[in-house]
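Reminder, nothing fancy here: chain letters follow the sequence lines and each chain counts from 1. Model, not experiment: these values are computed from the prediction.
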There are 2 protein chains.
Amino acid sequence: MLMPQRQTSMREAILDAAEELFSKNGFRAVSMREIAQASGANLGSISYHFGSKDGLLRAIYERHSGPMNRRRSELLTEAQRIRDPDDRLEAIVRAFILPSLSQSEGSVGGGARFARLRAVVMAERHEEAQKIIAETFNPINLAFIDALQACLPQLPRADIVWRTHFLLGAVSYTLINPWRVTRLSGGEADGENTEEALTQIVRAAVAAFRAPAGSDAAP
Amino acid sequence: MLMPQRQTSMREAILDAAEELFSKNGFRAVSMREIAQASGANLGSISYHFGSKDGLLRAIYERHSGPMNRRRSELLTEAQRIRDPDDRLEAIVRAFILPSLSQSEGSVGGGARFARLRAVVMAERHEEAQKIIAETFNPINLAFIDALQACLPQLPRADIVWRTHFLLGAVSYTLINPWRVTRLSGGEADGENTEEALTQIVRAAVAAFRAPAGSDAAP
DNA sequence: CTAGCATTTGTACGACTGTCCAAATGAGGC
DNA sequence: GCCTCATTTGGACAGTCGTACAAATGCTAG
């Protein structure tokens with residue numbers, strides 16, 4: 001009687017299938033009929049549960065963004081406890097991207113799958129998606145920027161924002177095209193290897209954040 | 001009689017309109033009728049000139065990739081003449097991304113518009129587009145990787161590939177979402193300012209490339 | 001067992017898609 | 001002036017899209 005959000009298994013199946021297909025092929029390219037077939041649900045059921053295709057997308061975001069951002073907050077506060085600024089910087093960078101890259105997230109699906117979905121959908125410039133993303137991720141991103149600023153007090157805030165932006169871009173690009181690294185390196189590097197990607201991106205990002213500010217030149 | 005590719009102004013108009021729309025909204029989201037209307041052409045004319053929607057996309061790539069890659073090659077060989085490895089590294093990075101970011105390219109449209117198109121279309125995982133991109137840009141990218149390797153002989157090639165990949169990701173992300181930097185910084189940084197983006201990304205990338213290799217840890 | 005309600009089903013709708021084609025148009029060589 | 005061929009036009013085509021809805025179904029409380 002008063003259990004408003006009882007989770008039918010069909011609802012979950014639809015969410016799973018949609019998430020998988022969206023993350024692989026993008027939002028616009030996937031039809032509701034594909035989702036219906038992949039999830040074993042009837043076409044009408046999707047409309048019944050989620051109202052519209054946009055509603056389905058929003059439900060996917062709502063399922064993940066809560067736990068993911070909670071995890072990032074935890075890791076951030078944990079990282080901020082580190083005294084040495086150098087170690088702290090690395091820990092913050094790691095906390096920033098680990099929940100996106102890690103394969104198995106606490107609650108439901110994989111964090112990597114959801115992150116790839118975000119990257120792909122964001123690139124499609126879908127208006128609804130952009131709104132959801134901004135609402136959901138801007139606050140936590142600002143918290144990370146503040147934490148980075150504390151590690152690098154001499155750096156203008158604009159520089160930190162730029163470099164954070166580049167970090168997000170590197171993560172997105174890696175999630176969208178993992179095979180690109182593998183091909184360009186002739187197999188020497190493995191773009192699909194999550195741990196390798198994490199190690200590489202953290203090292204590069206930390207070095208980038210430690211670069212001098214943009215006011216004056218070298219020697 | 002034997003002038004196979006006479007350039008009617010209509011053909012150019014269609015290419016211009018399509019490029020503008022694709023770069024703004026992506027490939028799948030733009031219909032041929034939109035392109036027809038925006039260019040003042042008839043729907044049938046597009047099929048007549050380019051055969052199909054994929055053919056139109058391929059024509060856009062063919063119009064730009066030649067001049068762009070020629071420019072990149074020139075800048076690369078120019079940069080490789082620099083003796084000092086530190087200065088050379090920065091020049092190579094600049095040569096790598098400048099033709100993508102610079103507003104006015106030699107031949108036809110803006111280089112930034114085409115680069116944004118590449119980034120958006122690539123994110124859509126359109127098969128034809130991925131094929132074209134790989135064919136066209138892999139060789140020159142490998143040349144850049146070789147040049148970077150020469151500046152950083154102590155670094156494993158896999159690390160260089162990873163960091164080049166991150167650099168491409170940062171550029172893509174900036175082209176797709178220029179406003180994101182502006183918003184996150186509260187207006188302090190300007191994502192749409194090409195020169196600012198170039199300066200910031202070069203400084204960050206150079207520092208990232210100079211980071212130590214991944215075999216052993218710090219203190 | 002039955003009434004009531006949440007869910008699932010099947011289908012239909014109008015709008016939009018990329019592609020194709022016959023007819024109309026127009027400009028340049030003879 | 002006419003013939004030729006590239007280009008443009010307008011419309012038709014088969015297909016897919018997201019959405020809506022009445023009817024069928026199944027589960028659960030009483």
Checklist line | Near-strand residues of residues 39-48 of chain B, defined as heavy-atom separation under 4.0 angstrom from DNA chain D | finding: B/N42, B/G44, B/S45, B/Y48
Notebook entry, point to check: Shortest non-hydrogen contact from A/F144 to A/I92?
Noted result: CE2-O, 3.6 Å
Margin query: What is the separation between atom CE on A/M32 and atom C1' on C/dG10, rounded to the nearest whole Å?
Written below: 16 Å
Check: How do A/G51 and A/S31 order along DNA chain D: which one's closest nucleotide is nearer the 5' end?
Finding: A/S31
Notebook entry, point to check: Rounded to the nearest 0.5 Å, how far apart are OG of A/S172 and CD1 of B/I176?
Noted result: 8.0 Å
Notebook entry, point to check: For the residue pair B/R118 and B/S100, what are the closest heavy atoms and their distance?
Noted result: NH2-OG, 3.2 Å
Next item on the list: Specify the separation, in whole Å, of atom CZ of B/R33 and atom P of D/dT9.
Entry: 15 Å
Item checked: Separation of C/dT17 P from B/I35 CD1 (nearest whole Å) -> 11 Å
Checklist line | Atom of A/I60, atom of A/L15 and distance for their closest heavy-atom approach | finding: CG1-CD2, 3.7 Å
Checklist line | Salt bridge present between A/E128 and A/K53 (N-O < 4.0 angstrom) | finding: no
Next item on the list: Can you tell me the distance, in whole Å, between the CG atom of A/N25 and the P atom of D/dT16?
Entry: 17 Å
Notebook entry, point to check: Charged N to carboxylate O under 4.0 angstrom, B/E78 versus B/R94?
Noted result: no
Next item on the list: Specify the separation, in whole Å, of atom CD of B/Q37 and atom P of C/dG18.
Entry: 14 Å
Note to self: Please report the distance, rounded to the nearest Å, between CD in B/E12 and P in D/dT7.
What the structure shows: 13 Å
Margin query: For D/dA6 and B/H49 - does any side-chain N or O of the residue sit under 4.0 Å from the phosphate oxygens OP1/OP2?
Written below: no
Notebook entry, point to check: Just how far, in rounded Å, is C1' of D/dT9 from CE of B/M10?
Noted result: 12 Å
Checklist line | Step-by-step side chain to side chain donor-acceptor pair (under 3.5 Å) determination, A/H165 to B/N177 | finding: CA-CA 10 Å; A/H165 176 79; B/N177 320 302; over 6 Å; no
Next item on the list: Could you pull out the closest heavy-atom pair between B/S65 and B/F137, with the gap in Å?
Entry: CB-CZ, 4.4 Å
Next item on the list: Could you tell me the separation between the CD atom of B/E128 and the P atom of C/dG18, rounded to a whole number of Å?
Entry: 15 Å
Check: Which residues, if any, of residues 52-60 of chain B bring a heavy atom under 4.0 Å of DNA chain C?
Finding: B/S52, B/K53
Checklist line | Shortest non-hydrogen contact between B/V30 and B/E34, atoms and distance | finding: CA-OE2, 3.7 Å
